[in-house]
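See below for the structure under consideration.
As the structure lists them, so they are numbered: ligands from 1, and atoms in each ligand from 1. What's counted below: heavy atoms across the whole structure, side chains too, no hydrogens, waters or symmetry copies.
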Amino acid sequence: MRLETLSVFPEVFEPYVSTSILGRAQDAGLFEFYAHDLRNWTHDRHRTVDDSPFGGGQGMLMKPEPVFEAVRDIAAQAQDRPHVVFFSPCGRRFDQRIAARLSKEPRILFVCGRYEGMDERVYELADEVLSLGDYVLTGGELAALCVMDAAVRLIPGALGDQMSAQDESFSDGLLEYAQYTRPASFEGRDVPEVLLSGNHAKIAQWRRLSAVERTARWRPDLLEGAGLTEDEWELARRAMADAGLGEVGDVE
Ligand code: SAH
């Protein structure tokens, strides 16, 4: 997989992308990373990428010409046409399902905004526009890092142990089950007995119920899409009642 960014702060990516799991995945050849500097596609002495908005208003907008020229040029630099992702609070809310889809793309170009955003005409270059959530960031670089991080860990082999990605939150529509490490007893708080039993079938069963319970407690909005059995619904209702969250019907 080939991941590329286009931004006016290309230097911010490298430390993160070369650390920990992403760094190892890069070393293992699972993805290559290129950070392009948008200013390389300007033609004036000051390497200008922004201008003031027509119609007045505060702040500066990213000009269309360097963005168009850069995206076209970068696209032609490799055989695979890149899947082009722009970032904006207007975009579709990024989630694990989108991460899984992106993890299968051969090549992605992330275009990161700054200032008050971009000239509206650039969005025709986008295959999709993503938002991290309902808040405003200073630039698209953090959004690109979040999306790259979430997608790379889903490339087979990135996590070393292939089970880990399958067990994680959202992979089956539920949050992850509760986990514990040593000591088995900490200041009177004991780890659930079954986890010490070595009985893998029982442990798997407990984990599924733990995932249902935690989802009911923390993110009841996820339950509807999780394909629960009748028994699991019963458990979810009880967990929600215990958490003072009312009826499951309220959630729909
Ligand atoms: N004036 C714009 C915000 C511009 S913020 C508005 O009100 O919608 C500058 C840049 O940061 C954006 O172009 C985008 O690339 C990035 N950005 C800001 N918030 C974001 C979010 N929630 N998700 C993804 N990218 C975001």
Side-chain angles (χ1 to χ4, degrees), residues 1-17 19 22 31 33-42 44 46-75 77 81-105 107-154 169-170 219 221-222:
M1 173 186 246
R2 181 179 169 118
L3 298 176
E4 295 167 73
T5 54
L6 176 63
S7 90
V8 282
F9 295 105
E11 69 278 9
V12 303
F13 298 103
E14 192 49 37
Y16 193 85
V17 169
T19 301
L22 272 72
F31 77 100
F33 177 69
Y34 304 92
H36 301 282
D37 185 347
L38 182 65
R39 291 190 198 278
N40 291 340
W41 285 274
T42 57
D44 63 313
H46 301 291
R47 311 182 86 202
T48 310
V49 293
D50 60 338
D51 207 339
S52 48
F54 280 123
Q58 292 220 317
M60 300 295 269
L61 281 180
M62 289 175 75
K63 294 155 61 63
E65 309 95 304
V67 178
F68 269 88
E69 197 178 318
V71 170
R72 286 171 180 156
D73 248 22
I74 293 165
Q77 285 174 6
R81 207 202 144 271
H83 182 72
V84 179
V85 177
F86 277 62
F87 292 106
S88 164
C90 310
R92 189 155 154 226
R93 178 95 64 101
F94 181 62
D95 62 18
Q96 188 73 3
R97 199 178 290 195
I98 299 176
R101 170 165 56 74
L102 293 180
S103 74
K104 299 186 183 104
E105 289 284 346
R107 187 179 177 205
I108 309 177
L109 172 61
F110 297 102
V111 185
C112 308
R114 277 269 159 179
Y115 320 116
E116 289 307 313
M118 296 184 152
D119 183 290
E120 192 71 16
R121 288 167 290 188
V122 301
Y123 292 107
E124 75 179 66
L125 295 165
D127 291 307
E128 66 184 310
V129 183
L130 294 178
S131 167
L132 277 205
D134 293 342
Y135 44 84
V136 179
L137 297 167
T138 310
E141 291 83 359
L142 273 177
L145 282 170
C146 288
V147 172
M148 289 193 286
D149 184 307
V152 164
R153 57 186 289 120
L154 294 174
S169 293
F170 311 111
R219 289 293 307 279
D221 56 300
L222 296 174

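Within the 4.5 Å cutoff, the side chain of V17 has heavy atoms near those of the F31 side chain. Using a 4.5 Å heavy-atom cutoff, the side chains of L154 and Q96 are in contact.
Residue-to-ligand polar distances keep G117 apart from ligand 1: every N/O pair is separated by 3.5 Å or more. The distance criterion of under 3.5 Å between nitrogen or oxygen atoms is met by L132 with respect to ligand 1. In terms of polar-atom proximity, defined here as any N/O pair under 3.5 Å, Y135 does make such a contact with ligand 1. Here's the thing with P89: none of its N/O atoms is less than 3.5 angstrom from an N/O atom of ligand 1. Ligand 1 has an N or O atom lying under 3.5 Å from an N or O atom of G133, backbone or side chain. When only interatomic distances are considered, the shortest N/O to N/O separation between L130 and ligand 1 does not fall below 3.5 Å.
Taking only non-hydrogen atoms, the option from V111, L142, L137, D134 nearest to atom 26 (C) of ligand 1 is L137.
Remark: distances from the non-hydrogen atoms of E116 to ligand 1 include one below 4.0 Å. Ligand 1 is approached by T138 to a heavy-atom distance shorter than 4.0 Å. Using a 4.0 Å cutoff on heavy atoms, F86 does not count as a contact of ligand 1.
Comment: D95 does not engage R97 in a salt bridge, judged by the lack of any side-chain N to carboxylate O separation of less than 4.0 angstrom.
Note that the CE atom of M1 and the CD1 atom of I108 stand 4.0 Å from one another [nearest 0.5 Å]. Distance check, rounded to the nearest 0.5 Å: CE of M148 to CG of L102 gives 11.5 Å. Separation of atoms CG (L38) and CZ (R114) is listed at 12.5 Å; rounding is to 0.5 Å. Annotation: the span from E65 atom CD to W41 atom CH2 amounts to 15.0 Å, rounded to 0.5 Å.
The distance from ligand 1 to the heavy atoms of Y115 drops below 4.0 Å at these ligand atoms: 4 (C), 5 (S), 9 (C). Residue G113 has at least one heavy-atom neighbour below 4.0 Å for each of these atoms of ligand 1: 10 (C), 11 (O), 13 (O), 15 (O). Atoms of ligand 1 found under 4.0 Å from any heavy atom of A143, numbered from 1 in the order shown, are 24 (C), 25 (N). Atoms of ligand 1 found under 4.0 Å from any heavy atom of G140 (numbered from 1 in listed order, with element): 11 (O), 15 (O), 16 (C).
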Verify side-chain contact (heavy atoms from CB on, under 4.5 Å) between E141 and T5, making sure each step is shown before the conclusion.
CA-CA 8 Å; E141 291 83 359; T5 54; over 6 Å; no
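Of all protein heavy atoms, the one closest to atom 25 (N) of ligand 1 is F87 CB, 3.5 Å. In terms of protein heavy-atom proximity, atom 3 (C) of ligand 1 is closest to V136 CG1, 3.9 Å.
In this structure, F54 places its CZ atom where only 12 or fewer heavy-atom neighbours from other residues, nucleotides or ligands lie under 6.0 Å away.
Without hydrogens or angle criteria, D127 side chain to V84 main chain gives a donor-acceptor distance under 3.5 Å.
Taking a distance limit of 4.0 Å, we find that atom 7 (O) of ligand 1 is approached by no protein heavy atom.
Screening Q77, H83, E4 against R107 for a side chain to side chain donor-acceptor pair (under 3.5 Å) leaves a single residue, E4.
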